[in-house]
Amino acid sequence: QVHLMESGGDSVQAGGSLTLSCAASGFTASRTHRGWFRQAPGKKRERVANISPSGENKSYVESVQGRFTISRDNAKMTMYLQMNSLKPDDTATYYCAARPPPYSYSSLSALTEEWFLYWGQGTQVTVSS
């Protein structure tokens with residue numbers, strides 16, 4: 001049974017930093033795609049970043065490019081999202097997602113919410129101006 005749990009959400013001022021973690025169990029990490037999504041009040045959930053099973057390949061939404069870094073430690077079954085230079089627009093509930101095999105895809109940037117099969121409960125990030 002797959003289980004994902006996010007942690008690290010907090011309230012910070014604009015310009016600050018946070019690191020989110022997503023601990024996982026129930027799948028083979030080295031074969032599983034993982035990603036971060038977020039949902040702000042009144043908005044659709046959007047992809048933030050995702051990472052290939054090995055961690056070698058990463059993709060970011062343009063709005064966080066250069067500010068956020070996704071990483072993973074397969075030995076610890078944990079994925080991270082380092083968030084720097086936070087803006088009020090980053091305020092949202094952040095969710096981690098996973099997709100074990102089998103799968104097919106064209107590119108990391110094309111992976112949508114529907115493509116990922118398993119989700120955590122979310123962690124709140126609030127950025128004040």
Side-chain angles (χ1 to χ4, degrees):
Q1 184 175 358
V2 175
H3 183 67
L4 303 174
M5 180 177 291
E6 304 93 340
S7 62
D10 205 346
S11 296
V12 298
Q13 291 194 327
S17 298
L18 281 176
T19 299
L20 305 183
S21 299
C22 176
S25 61
F27 55 75
T28 303
S30 61
R31 300 177 65 196
T32 298
H33 279 267
R34 302 184 69 173
W36 288 99
F37 287 73
R38 66 186 179 187
Q39 187 168 22
K43 295 187 177 181
K44 294 179 61 176
R45 188 152 57 181
E46 67 167 347
R47 183 183 70 92
V48 176
N50 50 294
I51 187 168
S52 62
S54 68
E56 181 177 356
N57 298 305
K58 307 172 185 180
S59 177
Y60 299 89
V61 68
E62 185 175 353
S63 61
V64 307
Q65 187 81 38
R67 300 188 297 122
F68 291 10
T69 302
I70 189 172
S71 62
R72 62 191 294 168
D73 183 334
N74 284 345
K76 296 182 178 179
M77 296 286 289
T78 302
M79 177 178 65
Y80 306 94
L81 186 67
Q82 173 68 44
M83 305 186 294
N84 298 326
S85 302
L86 283 161
K87 304 175 180 179
D89 283 349
D90 295 318
T91 295
T93 301
Y94 284 71
Y95 299 89
C96 65
R99 173 68 186 256
Y103 47 69
S104 64
Y105 64 97
S106 57
S107 67
L108 287 184
S109 62
L111 301 182
T112 64
E113 175 183 0
E114 292 72 23
W115 190 84
F116 287 90
L117 298 180
Y118 300 100
W119 295 86
Q121 293 299 307
T123 186
Q124 179 66 37
V125 172
T126 302
V127 184
S128 58
S129 58

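Residues: numbered from 1 along the sequence shown.
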Quick one: do [X] and [Y] end up in the same hydrophobic cluster if we chain Ile, Leu, Val, Met, Phe, Trp and Tyr together by side-chain heavy atoms under 4.5 Å apart?
X	Y	result
Val48	Tyr80	no
Ile51	Leu108	no
Tyr60	Met83	yes

Flag if over 12 foreign heavy atoms under 6.0 Å of CD, Gln1: no
Would you say Glu56 has more than 12 foreign heavy atoms packed within less than 6.0 Å of its CD? no
Say whether, by atom type as modelled, one donor and one acceptor occur between the side chain of [X] and the main chain of [Y] under 3.5 angstrom.
X	Y	value
Lys58	Ala49	no
Asn74	Pro53	yes
Arg72	Ser52	yes
Glu6	Gly122	yes

Who passes salt bridge (Lys or Arg N to Asp or Glu O under 4.0 Å) against Arg45, sequence neighbours left out? Glu113
Which heavy atom in [X] sits nearest to a heavy atom in [Y], and how many Å separate them?
X	Y	answer
Pro101	Arg31	CD-O, 3.2 Å
Met79	Ile70	SD-CD1, 4.0 Å
Asp90	Ser85	OD2-O, 4.4 Å

Enumerate the residue pairs fulfilling ring-ring contact (aromatic ring centres under 6.0 Å, His included) with a member in residues 30-54, sequence neighbours excluded, ordered by first and then second residue. His33-Tyr103, His33-Tyr105, His33-Trp115, Phe37-Phe116, Phe37-Trp119
Hey, can you pull the donor-acceptor pairs under 3.5 Å for the side chains in residues 9-30, sequence neighbours left out?
{"residue": "Ser17", "atom": "OG", "partner": "Asn84", "partner atom": "OD1", "Å": "3.0"}
{"residue": "Thr19", "atom": "OG1", "partner": "Gln82", "partner atom": "OE1", "Å": "2.4"}

Taking ILVMFWY side chains as joined if any heavy atoms are under 4.5 angstrom apart, and letting links pass through other members, which residues group with Met5? none
Tell me, please, which residues at least two apart from Tyr95 pass ring pair (Phe, Tyr, Trp, His ring centres under 6.0 Å). none
Under the rule for ring pair (Phe, Tyr, Trp, His ring centres under 6.0 Å), what residues qualify as partners of Tyr118, not counting sequence neighbours? none
